[in-house]
Amino acid sequence: MNAFAGGAFRVAYSDDAALDYIARHRFDRPTLVLDRARVAAQYDALNEGLDGAHIHYAVKANPEPKIIRLLVERGSGFDAASRAEIELCLAQGARPEVISFGNTVKKPSDIAFAYGVGVTLFAADAEAELDKIAGHAPGARVYLRVIVESQLADWPLSRKFGCAPSALPALLDYAVSVGLTPVGLSFHVGSQTRQAQFWAPVLDQMSELWHAAQDAGHELSLLNIGGGFPAFYDQPIDAPRAYAAAVIAQVRARFGDVDVMAEPGRGMVAEAGHIAAEVLLVSRKSPDDLHRWVYLDIGKFSGLAETMDEAIRYRIDTPHDGGEVGPCVLAGPSCDSADVLYEKRPVQLPLALASGDRVVIRNCGAYTTTYASIGFNGFPPLDVIVL
Ligand SMILES: *Cc1c(COP(=O)(O)O)cnc(C)c1O
């Protein structure tokens, strides 16, 4: 397989259609190649592992219409964050009953739109949001999102969403007082939670709140466990089915036979796509510098935003893999000094790497295409090909 400018890849990619496609084609700009069959397999594995919990795919992870359609056909529900995401799901054939409006910060006109098309389930974490929902989706079912403490995820979602646990009882009462139907609770364990056992402390906190709410007279029936299902980057993870099964076993042990909803985003699509990119320059800042600087034609502003704080560490294949390696600072092409991907922990890349070499950034199917700017500095946004 000698399709690469700088030399041949040494790995046979026949078992991965996206890698195979990249090896056989040339691209004039950074391109994400997504393999629908991998998404289907991932959905099936998660669905089996989740054992009756209903999947609501987090649309933001990758809103490619063909991916949404495939998931509709497999019976998935959807977690949407805006009117546009709801319209996308509907256009691809999703029934409104399986779309939840999971953003806790919604535009009133979006709430009215959702209600009008038949979406009946909404998230909230504040009184003012419940007021908005009551005003524009009267009587709707709501679940309340709670902040949970977890430092174990690779991409924690911090405290932006959710109410403090101590505020939950009053918020549940408030939802009832404005005519809404509070049906359950939600949380997010943090994106890229690599091990199922990391869920335990979070589920303990949630179960305490759940049972306290029941004792206060709220008949909760729905637990939304959010996302967090991991993808393979640079550290080992469990296979999706085993991981999902281990999570759901912990849920059942604490919550019994409630309705469970899961919102995998990254875990559904990340491993289904790889980015074809190109090396623009390899240089040293001085002749005796130990580190080389490697500049790619893709950076933080053209799709690789999740390298922020070097949180997500993508694996990079080059045509020289197997040769001697050395440490590199990896950077994007734009004239913004923030456009450095990995510097604190340099990347080991082959010494033979040179301008013009084609590289493959692995497992980039989640949180890339929609993070690409329109064309900062004139560099084109990430292109997408769906197989
Ligand atoms: C982003 C998001 C998800 C998906 O998270 P992953 O870690 O990618 O699985 C799920 N639920 C909500 C509410 C989200 O905002």
Side-chain angles (χ1 to χ4, degrees), residues 39 42-43 45-47 49-50 53-64 67-68 71 76-82 84-86 88-89 98-106 110 114 119 121-126 129 142-148 150-163 184-196 198-199 202 206 222-233 237-238 240 243-244 247-248 260-273 305-306 308 311-312 314 363-371:
V39 178
Q42 202 73 4
Y43 176 86
L46 286 169
N47 195 37
L50 283 168
H54 199 236
I55 293 179
H56 284 236
Y57 169 62
V59 174
K60 75 174 184 292
N62 191 321
E64 267 308 303
I67 300 290
I68 303 296
L71 291 171
S76 184
F78 298 90
D79 168 51
S82 61
E85 283 190 354
I86 293 169
L88 166 68
C89 294
V98 302
I99 302 171
S100 53
F101 203 158
N103 193 344
T104 53
V105 185
K106 294 177 281 300
D110 283 12
V119 172
L121 187 60
F122 297 79
D125 66 3
E129 189 71 16
V142 292
Y143 56 83
L144 297 181
R145 178 149 169 190
V146 189
I147 298 173
V148 287
S150 173
Q151 309 305 324
L152 297 172
D154 286 356
W155 185 265
L157 297 180
S158 75
R159 303 177 63 79
K160 179 169 175 186
F161 300 107
C163 68
L185 305 182
S186 79
F187 64 95
H188 196 301
V189 72
S191 205
Q192 188 66 5
T193 293
R194 275 180 286 102
Q195 296 182 32
F198 292 168
W199 287 65
V202 166
M206 288 307 298
L222 175 70
L223 180 70
N224 178 350
I225 65 172
F229 300 81
F232 176 65
Y233 296 114
I237 54 164
D238 279 337
Y243 182 99
V247 168
I248 213 69
V260 179
M261 171 177 154
E263 302 174 325
R266 182 191 307 283
M268 188 76 80
V269 289
E271 293 177 23
E306 284 207 308
M308 238 185 289
I312 298 296
Y314 297 111
N363 296 353
C364 290
Y367 303 120
T368 47
T369 51
T370 43
Y371 270 155

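When a ligand or atom number is given, it counts from 1 through the structure's own listing order. For reference, positions follow the sequence shown, starting with 1.
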Distance under 6.0 Å and angle within 45° of ring axis: Lys106 vs Phe101 |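 Positive - Lys106 is close enough to the ring of Phe101 and near enough to its axis.
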Location of contacts on [X] toward ligand 1, heavy atoms closer than 4.0 Å:
X	answer
Asn103	neither
Tyr367	side chain
Met268	neither

Does any non-hydrogen side-chain atom of [Y] lie less than 4.5 Å from one of [X]?
X	Y	answer
Phe78	Ile86	no
Leu222	Leu121	yes
Val39	Glu64	no

For Tyr57, ring-ring contact (aromatic ring centres under 6.0 Å, His included) partners two or more places apart =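 Partners of Tyr57 under the ring-ring contact (aromatic ring centres under 6.0 Å, His included) test: none.
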Out of Lys160, Glu263, Lys60, who gets a non-hydrogen atom closest to atom 10 (C) of ligand 1?
-> Glu263
Could you name the option among Arg266, Arg145, His188, His56 that has the heavy atom nearest to atom 5 (O) of ligand 1?
-> His188
Under 4.0 Å from a heavy atom of Ala58: give me the atoms of ligand 1 that qualify, with their elements.
->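 Selected atoms, number and element: 3 (C), 4 (C), 10 (C).
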Using distance alone, determine whether [X] and ligand 1 share an N or O pair under 3.5 Å.
X	answer
Gly102	no
Gly265	yes
Ser191	yes

Scan Ile55, Ile67, Asn62 and name whichever one has a side-chain contact (heavy atoms from CB on, under 4.5 Å) with Met268.
-> Ile55
So, for Ile99 and Ala80, which heavy atoms are closest and what is the spacing to 0.1 Å?
-> CG2-CB, 4.0 Å
Might you point out which heavy atoms bring Asn224 and Glu263 nearest each other, and give the distance in Å?
->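 So the two residues come closest at ND2-OE2, 2.9 Å.
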State if Gly228 counts as touching ligand 1 under the rule of any non-hydrogen atom under 4.0 Å.
-> yes
Does Pro264 have a heavy atom less than 4.0 Å from any atom of ligand 1?
->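 So Pro264 counts as touching ligand 1.
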